[in-house]
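Below is one structure, written out as structure tokens, with a few remarks after it.
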Amino acid sequence: MNLLGSLLVLLLPLAALLLPVASFAAEPQEIVCIQCHGAMPGKIGEPVKLWKGSIHAENGIACNACHGGDPKDAANAMSPARGFLGAPKEPAIPAFCGRCHVGVLKDYLASAHGKALGKGGPTCVTCHSNHLVVKASLDIINEKRCSQCHSYERAKVIRAAMLETETMIVAMDKRIAVYKGQGTDTESLEKGLFAVRNRFHTLFHNVDVEMVKKESAGIQADLKKIQAQLTALDESRQKRKIAGAVVVSAMLLLALFAHLLRKTFD
Ligand code: HEC
Ligand code: HEC
Ligand code: HEC
Ligand code: HEC
Ligand code: HEC
């Protein structure tokens, strides 16, 4: 085995050891909240099972990141003196989640939903759940959830506008990936799409039908600019292909001609 090979053999298990530590401040099984709650039945143990499948678990956001407390000292884990916050009551939930999701909290508080907080409006947990929070998508907007408190009509308009934009984004993402795979420099296209996609994902929480429609139109206009760049790429590709074909046919003709000439002189 060469030097590089033996180095890799030595380093790989080390890397495997380090990776989970890098994403978690401590291994999940070292967090006392998970040890103790995980061993309990019913409502006290359930959060652990649900949380394990969440995007928060994936990103190293454990119990104590949300609830506070001391994840290393079982005896004092839930002591307010160690920063334990307990479980938030309904009106406190948006601020609880909004410590990390600052922009979303701001949009939510300014919306009809935020204004109805504590008076029948939905909180973050109504739409995202508390422990099994998964990557957000338009699937959250469905008739069952959104017609609990009012008619589905306005929700439907928002969903349709957003779905149309999302479909465009997904299609363009695929086209860019194809060019990238062929070695084209797609950096500026990717950057453009990334910015538009981020703007798109901040659209929902204001739940203002007119605003979502207006913003969607603006976002789609920006997407069409990127689309035009892609079409220009397609066309220059096409031209190069045709030019290539012309050159190849010309050379073939020339070769044939030369062959015939030689035959005539032989
Ligand atoms: C030694 C066991 C044990 C440890 C360690 C532990 N818990 Fe608990 N936890 C419990 C029990 C039992 C209850 C339910 C009874 C109660 O509220 O005291 C509970 C209740 C809770 C509640 C609900 C409180 C409420 O107001 O309804 C939360 C939230 C919670 N724990 C989070 C945590 C977090 C976060 C940690 C780690 C920093 C942690 N627990 C560590 C045993 C534990
Ligand atoms: C993303 C933030 C978040 C994380 C991470 C989180 N929780 Fe919670 N938890 C909440 C919220 C919000 C509530 C109150 C939810 C409600 O009223 O629906 C809650 C409620 C609870 C309750 C009270 C349950 C009940 O039904 O009364 C317990 C116990 C609890 N959490 C334990 C845990 C444990 C243990 C972990 C780690 C495995 C954990 N939580 C991780 C946000 C979180
Ligand atoms: C301690 C910080 C923290 C708290 C508190 C917190 N989150 Fe998160 N949340 C994160 C991180 C980190 C991610 C993963 C990275 C990302 O997507 O932003 C995430 C991801 C998410 C996502 C997926 C985002 C996406 O890109 O699709 C949702 C939805 C979410 N959190 C909702 C909540 C809700 C609801 C609460 C309250 C119950 C909450 N979060 C509390 C840090 C937090
Ligand atoms: C009425 C339902 C509803 C409520 C209430 C709600 N959300 Fe959302 N949230 C959604 C939907 C739908 C999306 C997905 C939109 C999309 O696909 O772009 C989303 C997306 C997100 C994302 C990902 C956004 C991004 O920029 O990538 C986060 C994080 C999030 N919500 C957190 C929260 C937090 C925190 C609260 C409370 C302050 C909250 N949500 C309240 C429905 C809701
Ligand atoms: C827990 C109750 C509840 C749930 C669940 C709920 N809403 Fe609402 N929603 C309200 C209340 C309260 C208002 C304010 C009064 C009104 O306009 O009906 C509101 C208003 C709205 C508005 C009008 C906003 C405006 O500025 O005119 C839209 C759009 C909306 N909700 C969309 C949704 C969508 C989409 C969902 C599902 C993801 C949803 N709602 C789920 C309670 C809820």
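In listed order, ligands and their atoms are each counted from 1.
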Tyr152 and Arg159, any side-chain heavy atoms less than 4.5 Å apart
yes
shortest atom 5 (C) of ligand 5-to-protein heavy-atom contact is with Arg145 O, 3.5 Å
Between Phe200 and Leu223, is there a side-chain heavy-atom distance shorter than 4.5 Å?
no
By residue and atom, what protein N/O/S atoms are less than 2.8 Å from atom 8 (Fe) of ligand 1?
His37 NE2, Met78 SD
Side chains of Asp70 and Asn64: closer than 4.5 Å at any heavy-atom pair?
no
Provide, to 0.1 Å, the distance between atom 29 (C) of ligand 3 and the closest protein heavy atom, together with that atom's residue and name.
His128 ND1, 3.4 Å
With side chains defined as the heavy atoms from C-beta onward, is the minimum distance between Thr165 and Met162 less than 4.5 Å?
no
How far is atom 28 (C) of ligand 1 from the closest protein heavy atom, and which atom is that?
Phe84 CZ, 3.6 Å
May I ask you to identify the nearest protein heavy atom to atom 18 (O) of ligand 3, giving residue, atom name and distance to one decimal place in Å?
His101 CE1, 4.5 Å
For Arg99, atoms of ligand 3 separated by under 4.0 Å from a heavy atom:
5 (C)
Out of all atoms in ligand 1, which are within 4.0 Å of some heavy atom of Met40? Include the element for each.
12 (C), 42 (C)
Any luck finding a side-chain donor-acceptor pair between Glu143 and Ser147 under 3.5 Å?
no
Got a donor-acceptor contact below 3.5 angstrom from the Ser54 side chain to the Ala57 backbone?
yes
Assigning hydrophobic clusters by single linkage (Ile, Leu, Val, Met, Phe, Trp, Tyr; side-chain heavy-atom cutoff under 4.5 Å), is Leu109 placed with Val207?
no
Could you establish whether Ala75 and ligand 1 come within less than 4.0 Å of each other, counting only heavy atoms on the residue side?
no
Atom 24 (C) of ligand 1 [closest protein heavy-atom partner, distance rounded to 0.1 Å]:
Ala87 N, 4.2 Å
Is the contact between Tyr152 and ligand 5 made by the side chain, the backbone, both, or neither, using heavy atoms and a 4.0 Å cut-off?
neither
Atom indices of ligand 1, in the order listed, that fall short of 4.0 Å to a heavy atom of Gly68:
35 (C), 38 (C)
shortest atom 36 (C) of ligand 3-to-protein heavy-atom contact is with Cys97 SG, 2.8 Å
Are the side chains of Arg237 and Thr184 in contact, using a 4.5 Å heavy-atom criterion?
yes
Any sub-3.5 Å donor-acceptor pair from Asn142's side-chain atoms to Asp139's backbone N or O?
yes
Indicate, as side chain, backbone, both or neither, the part of Asn142 found under 4.0 angstrom from ligand 5 when only non-hydrogen atoms are considered.
neither
As a check for students: among Val104, Leu105, Asn130, Val133, identify the option with a heavy atom nearest to atom 32 (C) of ligand 3.
Val133
Taking 2.8 Å as the upper limit, name the protein N, O or S atoms near atom 8 (Fe) of ligand 5.
His113 NE2, His150 NE2
Heavy-atom closest pair, residues Ala77 and Val32:
CB-CG2, 3.9 Å
Result of checking Cys63, Pro71, Pro47 against Ile34 for side chain to side chain contact (heavy atoms under 4.5 Å, CB included):
Cys63
Salt-bridge present (Lys225, Asp222; N to O < 4.0 Å)
yes
Nearest-contact summary for atom 26 (O) of ligand 3 - protein heavy atom, Å
Lys135 NZ, 3.5 Å
Find all atoms of ligand 5 within a distance of less than 4.0 Å from any non-hydrogen atom belonging to Phe204, and give their numbers and elements.
35 (C)
Determine yes or no for a side-chain-to-main-chain donor-acceptor pair under 3.5 angstrom, with His67 supplying the side chain and Leu85 the backbone.
no
Any side-chain heavy-atom pair of Asp234 and Arg175 under 4.5 Å
yes
Keeping Asn59 on the side-chain end and Ile61 on the backbone end, is there a donor-acceptor pair under 3.5 Å?
no
Could you tell me whether atom 8 (Fe) of ligand 3 has an N, O or S atom of His56 under 2.8 Å away?
yes
Could you check whether any side-chain N or O of Arg154 sits under 3.5 Å from a backbone N or O of Val209, counting only pairs where one atom can act as donor and the other as acceptor?
no
Quick one: do Lys191 and Glu187 make a salt bridge, cutoff under 4.0 Å?
yes
Which atoms of ligand 1 sit under 4.0 Å from any heavy atom of Asp70?
38 (C)
Below 4.0 angstrom, counting only protein heavy atoms, does anything approach atom 16 (C) of ligand 3?
no
Evaluate the side-chain proximity of Glu46 to His131: yes if any heavy-atom separation is below 4.5 Å, no if none is.
no
Protein contact to atom 11 (C) of ligand 3 [nearest heavy atom, distance to 0.1 Å]:
Ile61 CG1, 4.0 Å
List the closest protein heavy-atom neighbour of atom 23 (C) of ligand 3: residue, atom name, distance to the nearest 0.1 Å.
Ile55 CD1, 3.7 Å
For Ala65, atoms of ligand 3 separated by under 4.0 Å from a heavy atom:
1 (C)
Could you tell me, atom by atom, which parts of ligand 5 come under 4.0 Å of a heavy atom of Ile158?
29 (C)
shortest atom 3 (C) of ligand 3-to-protein heavy-atom contact is with Cys100 SG, 2.6 Å
Compare all side-chain heavy atoms of Ser216 with those of Leu203 and state whether any distance is below 4.5 angstrom.
yes
Should you measure from each heavy atom of Cys124, which atoms of ligand 3 turn up under 4.0 Å away?
35 (C)
Closest protein heavy atom to atom 27 (O) of ligand 3, given as residue, atom name and distance to 0.1 Å:
Ala136 N, 2.8 Å
Over 60° means perpendicular and under 30° means parallel, so tell me whether His128 and His205 are parallel, tilted or perpendicular.
tilted
Would you kindly check if the NZ (Lys) or CZ (Arg) of Arg99 is within the cone defined by 45 degrees around the ring axis of Phe96 and under 6.0 Å from the six-membered ring centre?
yes
